[in-house]
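Notes for the one structure printed next.
What you see is a predicted model; the values in this text were computed from it and never measured. Quick note on labels: first sequence line is chain A, next is B, and so on, each numbered from 1. The figures that follow rest on heavy atoms only: side chains count, while hydrogens, waters and symmetry mates do not.
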Amino acid sequence: MENKSGFFDTLNKYSSDSFCNTDDEPSPEDLRLAELFSANRRARDQPQPHSNPPQRNINTINPNITTSTVGIKNTNITNQPPSLTSYTGSKASSLNISKMPSKRKQDPPVSNPSTSRKRSKTKPLQPPHLQIFNPLTFFFMKPCLKRAERKMRIEKAQEYGATVVFTFSNTVTHIIADKDIKYNEILEFLQLTEIPEGIAVTNPRWPGDCIKYGKLVDPKDFWYQVHGCPTESQQQNPLQDAPTSEPNGGQSPLPSSPPSSLQVQPHPPPKQQPETPTNSQKDALDEAIEECLTTTPINIEDFLGSSSSSDTESSPESSPKRRKKVSSSSNSARDWQKHFQCMHKHTGALNPENPNSRTIQILEEMMRIYDSLKDQWRTRSYRIAISTLKSSNTTYISTYEQAISLPGVGDRLAKKIVEIVSTDRLQRLEYAKLDPKDQILKLFHGIYGVGLVQARKFVAAGYTTLEDVKKNATLTEPQRIGIERYSDFKQRIPREEVKQHGEIVSTALKTIDEKVQSHVMGSYRRGAKDCGDIDIIVTKEGAGVEELHEVLEKLVEKLFDRKFLMCGLAIARHDDGTKWHGASRLEGEDKPWRRIDFLVVPGEEIGAAFLYFTGNDVFNRSMRLLASKKGMRLNQRGLYKDVVRGKNREKLNEGTLLESKDEKKIFEILGVPYRPPEHRIC
DNA sequence: GTTCAGAGTAG
DNA sequence: CTACTC
DNA sequence: GAAC
Ligand SMILES: O=c1ccn([C@H]2C[C@H](O)[C@@H](COP(=O)(O)OP(=O)(O)OP(=O)(O)O)O2)c(=O)[nH]1
Ligand SMILES: [Mg+2]
């Protein structure tokens, strides 16, 4: 028992917000978390000025031999946590204690609450302090089907202390109606003319949010209303929404909570209030969603020359369907194209002039949270919506109708925008920042080689610190190093140091083959003040992969000997492998290890490789999506045409090479105005 | 209900 | 094959 | 989380 409270106490220590600031903009808060843990680690490790002998355990020098670390049997679902397993959420079911009878005490943490009749036999209850629903009685209302989902919700509610009944009576305190049910249907079903006072009617999101936040949130909240509910403050349509299923693997929809009190009361726009009636977003749509360009050649001349400013060609309208060739007419051309991220100049700079800047600021914060939780699809949606907002810099968006009419803004984001406008904040954001589970998840997947899946397993297993994981979990070699060097790898690298690493590589390369060249890419090429890692392309005019692969082997060996490379983390498997990931360090035992990536590139593919390795990642994805919409395919080796795609997007056809040597030509063929690296920060 | 980029590497 | 990473 |  005491472990449980200890569990959260520990977590709370890390509740300070710290978001991984994405691109090239540092942030003082960035490293807070990392520092916390580095301190943690140093307490153990640091006092020894010992040498850290380069460990080439995993790798290199003998790329043929996939080293002998076979001793570790995998089975990632490893060890038992000390104790607190018994109440871990249902997620943990895969490694539940039931499988380990040998484990001692697993008595239910909660004595049978006599209050709960109808308790399903199996589910273990949450510990008392999490029995947030305890005296409450829920009545669930059915949407005909969706039984599994509903069953889940019911079990969850019981788990957290609710009494669930299936016949309506005066003991009911909450009616939980599925999202498709309308308010008057409830009345009809219950044969009532109105819901008795004291009974709350909510959609299923409400219990979910309560669980998430570990407390009861206001069920009258905007977000939890059922369709057609006569809210005290009528106006807005009561749009519901559901805690939609989690796409793959399950990502977390953070609940959002609105202002329980004030409903609508638009804040004044920060400054200007240009009511620009009609001109809403004509063609100045900047970074917006993705989609753009016609098949027809847009004024190419336009962009080649003007590397600097507004080369944003854009068009209003949105037409989903794509069409083949047809019209070269710019009119129809505009139709199907919207805008892709890659079509616009992005520098990461903010524009405080935008009347929606406050909204943007808050949505960006939410996006950062989802990003740090690796919820890539929500992150994407937020990014797109934010782009749209940024582009409508002449109109203050304050109503639901306005918001939802923007491309990339749907029901839920429109609600959030309204909430922000009326309350100047997003309550959900405040909760999200504090969520201890997310903090810990973030900690774990910050380990190199640990992704969402493993991180969740660690959390489910009850681990709360890196020490826990290191001690108890079965790790792969890269993960082991990832923990060992956790704080090193989390530090940003000053631009100047990146340059030094690049020079060391370049120098070493000269002794191997004069004609082999290296280029520092990634955020460095985009001009970032500091970088997350060091990305280097190794290439030679006219050379093929095989030749260069040998060069890479020699290079790596030499750099290990120089004590520059410290370890390998992911090394090419084949002789035509093109990739080497590892860590390097400047001279000096106390210098931090840095993540370093080599990409071997045949001379002919240098353009596509530059494009790829310059990024950023969002920019690349945007370019690639655009290519695919035009029946082409873009990857790190080149741009291909006539790609035939089958049923599920699978490519049935490699396509034929269009261009790979010249970066600018790839832009050109795709119809994207060329952007220098500094403007590819999306 | 599916898509949201596309590929290399570890295990 | 999945998970992770670029 | 949005679009199709
Ligand atoms: O999912 C990804 C990640 C990266 N890249 C490309 C673009 C990126 O610029 C380059 C290098 O990757 P890295 O992870 O180093 O990103 P970065 O842009 O260099 O930023 P950082 O400063 O974090 O290293 O590889 C992708 O295409 N897709
Ligand atoms: Mg990088």
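One can place CD1 of Ile386(A) at 12 Å from P of dG1(D), the figure rounded to the nearest angstrom. As a whole-Å value, the separation of Asp617(A) CG from dA7(B) C1' is 14 Å. In this structure, NE2 of His445(A) is placed 10 Å from P of dC4(C), rounded to the nearest angstrom. The nearest whole Å value for the distance from the CZ atom in Arg573(A) to the C1' atom in dC4(C) is 12 Å. Taking atom OH on Tyr382(A) and atom C1' on dC4(B), their separation rounds to 17 Å, with Å as the unit.
Checking dG11(B), dA5(B), dC6(C) against every side-chain atom of Asp597(A), the shortest atom distance belongs to dC6(C). The side chain of Leu625(A) lies closest to dC4(B), out of dC4(C), dC4(B), dC6(C). Of the listed nucleotides (dA10(B), dA7(B), dG8(B)), dA10(B) has the atom at the smallest distance from the side chain of Ile571(A).
dT3(B) and dT2(C) have their P atoms separated by 15 Å, given to the nearest Å. Using P as the reference atom, dA3(D) and dA5(B) are 16 Å apart when rounded to the nearest Å.
In this structure, Gly577(A) reaches the sugar-phosphate backbone alone: every heavy-atom distance under 4.0 Å involves primed, P, OP1 or OP2 atoms, never a base. Residue contacts for Tyr448(A): at a heavy-atom cut-off of 4.0 Å it reaches the sugar-phosphate backbone alone, with no base atom in range. Residue-level contact check: Leu599(A) touches neither bases nor backbone, having no heavy atom under 4.0 Å from any strand. Here Asn620(A) lies out of heavy-atom contact (under 4.0 Å) with every strand. Ile447(A) comes within 4.0 angstrom of sugar-phosphate atoms only, judged by non-hydrogen atoms across all strands, and of no base.
Asp617(A) has no carboxylate O lying under 4.0 Å from a charged side-chain N of Arg621(A), or vice versa, which leaves the two without a salt bridge.
Within the structure, every side-chain polar atom (N or O) of Arg380(A) is placed at least 4.0 Å from both OP1 and OP2 of dT3(B).
Among residue pairs with one or both ends in residues 600-611 of chain A, those qualifying as salt bridge (charged side-chain N to carboxylate O under 4.0 Å, His left out) are Glu604(A)-Lys661(A), Glu605(A)-Arg637(A); sequence neighbours excluded.
For His445(A) (side chain) and Ala455(A) (main-chain N/O), no donor-acceptor pair under 3.5 Å exists by modelled atom type.
The side-chain ring of Trp377(A) is stacked on the base of dC4(B), judged by centre separation under 5.5 angstrom and plane angle under 30 degrees.
Heavy-atom distances to DNA chain B give each of Lys579(A) and Ser381(A) a nearest nucleotide, and the one nearer the 5′ end belongs to Ser381(A).
In this structure, Tyr674(A) and Phe667(A) have perpendicular ring planes: the angle between them is above 60°, well past the 30° mark.
For the side chain to side chain donor-acceptor pair (under 3.5 Å) test, residues two or more places apart in sequence or in another chain that qualify with Glu364(A) are Lys390(A).
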